[in-house]
Protein chains: 2
Amino acid sequence: MINEAIKEKLRTAVGPENVLDKDLDRFGYSYDSSFIPLLPANSPELVVRPLTTAEVSAVMAIAHEHGIPVTARGAASGRTGGSIPVKGGISLSLDRMTKIIELDERNMMVTAEAGVRTIDLYNHCAAKGLFYPPDPASWKMSTIGGNVAENAGGMRAVKYGVTSNYVMGLEVVLADGRVITTGGKAIKNVTGYNLTSLFTGSEGTLGIITKVLLRLIPMPKARNTLQLMFPSLDDACATIHGMLQAGVVPASAELMDKMSIQAVARHRKMDIDPAIEACVIIEVDGEDEAALAKQAGQIKQIARGFAVAEVRIAASPKEADDIWAIRRGLSSAVGAMAPTRLGEDISVPRDAFPEVVRRIKKISEKYNLPIAVYGHAGDGNLHPSVLCDLQNPEEAERVHKAVDEIFAAALAVGGTLSGEHGIGMTKRRYIADALGEDGVVALKAVKQAFDPKGILNPDKIW
Amino acid sequence: MINEAIKEKLRTAVGPENVLDKDLDRFGYSYDSSFIPLLPANSPELVVRPLTTAEVSAVMAIAHEHGIPVTARGAASGRTGGSIPVKGGISLSLDRMTKIIELDERNMMVTAEAGVRTIDLYNHCAAKGLFYPPDPASWKMSTIGGNVAENAGGMRAVKYGVTSNYVMGLEVVLADGRVITTGGKAIKNVTGYNLTSLFTGSEGTLGIITKVLLRLIPMPKARNTLQLMFPSLDDACATIHGMLQAGVVPASAELMDKMSIQAVARHRKMDIDPAIEACVIIEVDGEDEAALAKQAGQIKQIARGFAVAEVRIAASPKEADDIWAIRRGLSSAVGAMAPTRLGEDISVPRDAFPEVVRRIKKISEKYNLPIAVYGHAGDGNLHPSVLCDLQNPEEAERVHKAVDEIFAAALAVGGTLSGEHGIGMTKRRYIADALGEDGVVALKAVKQAFDPKGILNPDKIW
């Protein structure tokens with residue numbers, strides 16, 4: 001319970017206009033982009049919007065003194081409830097911290113405040129010919145601080161890796177308000193434990209990330225898109241494998257199953273041959289057109305070895321856009337098929353992709369629930385979408401059982417609960433299955449080390 | 001003090017022949033490849049050589065029960081005293097854990113026990129066309145467990161990164177003997193905190209790494225070597241910069257200053273123009289000879305823009321070997337110039353390389369100590385070698401002051417204490433300068449979380 005005296009301290013710390021306590025304001029900070037139902041119980045008691053690291057530090061010192069829960073919030077585009085203040089307290093919104101502090105062209109690094117939108121950061125760097133590759137689906141609205149806190153992925157991960165592969169250093173406000181910086185611009189750095197990686201993906205439970213230092217790479221000079229249609233899902237997977245093992249690494253390699261393809265076809269009024277069981281969309285990039293043509297040729301040849309039905313190589317940027325529109329339209333097209341689209345985010349060893357898809361199809365049959373499967377086949381990260389109506393209690397029960405079995409299937413083939421969405425609230429009950437009891441004890445020990453009072457984003461991860 | 005009853009428990013755990021307590025045996029485990037003087041005080045009380053994870057677990061449970069210090073040891077090729085059992089207790093040698101458990105060609109990953117030599121791992125994978133890039137100088141003798149514990153670097157880091165960039169998962173025995181596994185074969189994995197990165201580079205202070213899961217990449221099909229001679233060190237640095245910013249990323253880019261070049265010239269009875277102030281040796285790799293020729297051409301053109309005096313492109317593998325012999329011979333050539341070669345390992349932002357070299361030259365003049373500078377200019381990691389006689393107390397004092405100033409110079413330009421050697425014993429006194437007091441408090445909190453009794457490699461890092 002945040003009393004008036006504490007509110008007054010917070011108003012002094014960040015300015016009265018940046019402490020919100022009206023019902024409607026608080027409600028606006030009670031949800032994210034997950035399928036967690038809107039509940040008044042998830043509203044914060046207060047919303048606090050600091051402008052500077054010093055203000056974040058002051059807020060944390062007050063919260064620490066009084067044992068108030070603090071849940072950091074970027075754009076609330078997360079998919080697992082990470083920014084939902086499930087224990088009330090303060091929703092610490094970093095949306096005013098939007099400065100890109102430095103673009104260091106010589107070292108190819110950028111320093112930005114946590115609240116900078118990912119797309120703004122991307123564009124700022126791209127204008128100088130520098131490339132920040134991670135592209136989570138939400139990148140047009142998400143913040144870079146949120147991306148780091150969740151270790152966001154995206155479609156380019158197969159070639160370029162995920163957010164953590166670009167984080168060189170962080171400024172973090174600890175639970176008690178102390179401020180530390182980790183890492184730095186030295187590329188090789190083994191001074192002390194790797195706290196940069198520890199905070200990256202810690203979902204706001206270990207500290208508040210206020211600034212990020214990211215490395216960049218030169219922008220690829222040319223890119224192109226290919227669309228491959230297969231009568232067999234296994235052959236589609238085998239083709240992606242074959243490419244990677246031949247050292248042909250595309251910038252992205254997205255796979256859609258038949259249900260996904262047909263959903264898009266319906267949505268966009270396209271005609272797609274019902275014999276097609278899988279579609280693979282590939283982006284290649286490189287030095288010049290010749291390099292692209294070479295890659296495209298290699299991919300075509302490998303795909304032919306696996307009975308591809310159709311290979312389309314975009315002849316123009318317009319055609320490339322048309323092909324990508326299929327993938328981009330997927331989420332809403334699949335979503336339109338049922339009242340609820342429960343989109344999951346499992347990740348498996350690359351070669352287990354076909355096997356886990358087969359298992360998901362069996363789960364779909366067992367529980368009589370349509371499950372569309374698509375995802376980043378190039379890196380083994382897939383998004384099974386259970387199409388259902390969660391308002392129907394009988395169906396909801398079947399859905400929960402099916403989801404339990406999807407996670408069990410992912411773990412059974414050597415995979416994990418989440419490739420890029422985090423654990424948050426929605427996957428807490430599975431964490432011990434994934435990491436073992438001793439693994440969870442180890443996570444809790446780290447949490448205890450950084451947040452002994454348990455005020456940072458409580459009731460998440462485990 | 002390890003009494004007879006405890007020794008008996010340990011003998012039961014690993015077999016009597018694997019518990020060594022003779023003076024000579026113990027002495028053999030008292031030093032590493034750093035310049036820390038040989039001291040009987042650094043001998044362990046006991047050497048214990050487990051064969052399996054279960055045995056390591058049993059040893060840790062015994063050590064934990066009795067509060068006995070345990071210092072893990074691979075090949076003791078470390079450069080900062082990481083494996084020196086400075087508080088006595090047990091030297092836990094992993095040299096019998098030499099199994100390569102699985103080479104998973106489909107997922108391009110390898111699982112190995114901690115005691116496997118790096119070169120053996122490399123060769124095992126290379127035989128199947130798979131490439132494990134990290135190549136610390138000691139890779140012919142070092143163990144992969146030691147590489148992970150120190151987050152070892154190497155010459156190929158500029159293009160391929162360091163050990164941590166390849167670690168997908170670990171098996172770790174915790175201080176009390178519990179065993180956890182971290183990470184896995186799923187490429188994208190955000191399930192829980194990134195303990196894999198936390199243990200990587202933790203220098204044996206948080207747990208005993210018993211198994212490692214590493215990702216591999218396809219072996220480059222072609223490689224070649226270039227040697228560039230410059231009348232100006234700044235121009236040499238500018239060339240490396242220019243290359244990287246143009247997106248020409250060599251597999252390695254090694255720089256040597258004049259003192260280093262002349263040392264090799266003397267040692268190998270070569271004649272090198274005294275007007276040459278810097279030599280850069282570059283390895284390029286790629287798909288085919290055409291790709292190499294293109295890269296070499298681009299590098300040549302960039303170097304010409306910075307007044308290169310000579311560009312030599314190896315015309316045969318023999319010539320490439322000859323060029324690399326200069327770099328490989330460097331450490332011993334420089335070492336032969338004085339009774340002690342105190343080789344340091346600072347790492348700075350790439351664009352600060354020329355500035356830090358200038359500062360080191362000033363420190364050299366101020367203390368009247370020759371300091372040869374060479375290193376991995378492509379990634380800002382350099383090895384200033386102070387040539388001195390540490391047996392001379394007056395000189396030793398000057399050396400220590402000079403080293404203090406070298407570290408201060410690295411930090412002043414935004415760099416760090418260690419690029420690839422770790423902190424160990426030799427850099428402990430500088431850690432708060434690098435990380436700040438609150439940063440060190442954060443490290444200690446992590447240590448406390450994993451090793452509340454402080455038995456794992458005590459008196460290291462801070």
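By convention in this document, chain letters (A, B, ...) are assigned in the order of the sequence lines, proteins followed by strands, and residues within each chain are numbered from 1. Predicted model only: the values in this text are computed from it and were never measured. For the numbers below, each heavy atom of this structure counts, side chains included, while hydrogens, waters and symmetry mates do not.
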Participant: Pick from B/N151, B/L435, B/L206: which one has the most heavy-atom pairs with chain A under 4.5 Å?
Facilitator: B/L206
Participant: Looking at A/K188, is its backbone amide N or carbonyl O close enough to the side chain of B/S347 to form a donor-acceptor pair, meaning the two atoms are under 3.5 Å apart?
Facilitator: yes
Participant: What part of A/L244 gets closer than 4.5 Å to chain B, counting heavy atoms only: side chain, backbone, both or neither?
Facilitator: both
Participant: Where does A/F199 contact chain B at under 4.5 Å (heavy atoms): side chain, backbone, both or neither?
Facilitator: neither
Participant: With a 4.5 Å cut-off on heavy-atom pairs, point out which of B/V413, B/I187, B/T181 contacts chain A the most.
Facilitator: B/I187
Participant: Nearest heavy-atom pair of A/I423 and B/V190: which atoms, and what distance?
Facilitator: CG1-O, 4.1 Å
Participant: Based on non-hydrogen pairs under 4.5 Å, which of A/A445, A/P349, A/P218 is most in contact with chain B?
Facilitator: A/P349
Participant: Heavy-atom pairs under 4.5 Å with chain A - which of B/G414, B/G419, B/G439, B/A434 has more of them than the others?
Facilitator: B/G419
Participant: With a 3.5 Å distance limit and no angle check, can you tell me whether A/Q245 reaches the backbone of B/E105 through a side-chain donor-acceptor pair?
Facilitator: yes
Participant: Let's test your reading of the structure: which of B/L130, B/D351, B/N381, B/T205 forms the most heavy-atom pairs below 4.5 Å with chain A?
Facilitator: B/D351
Participant: Could you tell me which of A/G192, A/A410, A/G201 has the largest number of non-hydrogen atom pairs under 4.5 Å with chain B?
Facilitator: A/G192
Participant: Considering non-hydrogen atoms only, spot the tightest contact between B/V446 and A/L198 and give its length.
Facilitator: CG2-CD2, 4.5 Å
Participant: Applying the side-chain contact (heavy atoms from CB on, under 4.5 Å) criterion to B/L443, which one of A/I180, A/T191, A/L195 satisfies it?
Facilitator: A/L195
Participant: Looking only at heavy atoms and a cut-off of under 4.5 Å, which of B/L417, B/N194, B/D379 has the most pairs with chain A?
Facilitator: B/D379
Participant: If you count heavy-atom pairs under 4.5 Å with chain A, which of B/G380, B/S202, B/G184 comes out on top?
Facilitator: B/S202
Participant: Where on A/K447 is there a heavy atom nearer than 4.5 Å to chain B: the side chain, the backbone, both, or neither?
Facilitator: both
Participant: For A/K427, which atoms come within 4.5 Å of any heavy atom of chain B: side chain, backbone, both, or neither?
Facilitator: neither
Participant: What are the two closest non-hydrogen atoms of A/R178 and B/V441, and how far apart are they?
Facilitator: NH1-CG1, 3.5 Å
Participant: For the candidates A/E203, A/E287, A/K221, A/Q448, which exhibits the highest count of non-hydrogen atom pairs separated by less than 4.5 Å from chain B?
Facilitator: A/E287
Participant: If you count heavy-atom pairs under 4.5 Å with chain B, which of A/G129, A/G153, A/G154 comes out on top?
Facilitator: A/G154
Participant: What's the spacing between A/H241 NE2 and B/N107 CG if we round to 0.5 Å?
Facilitator: 5.5 Å
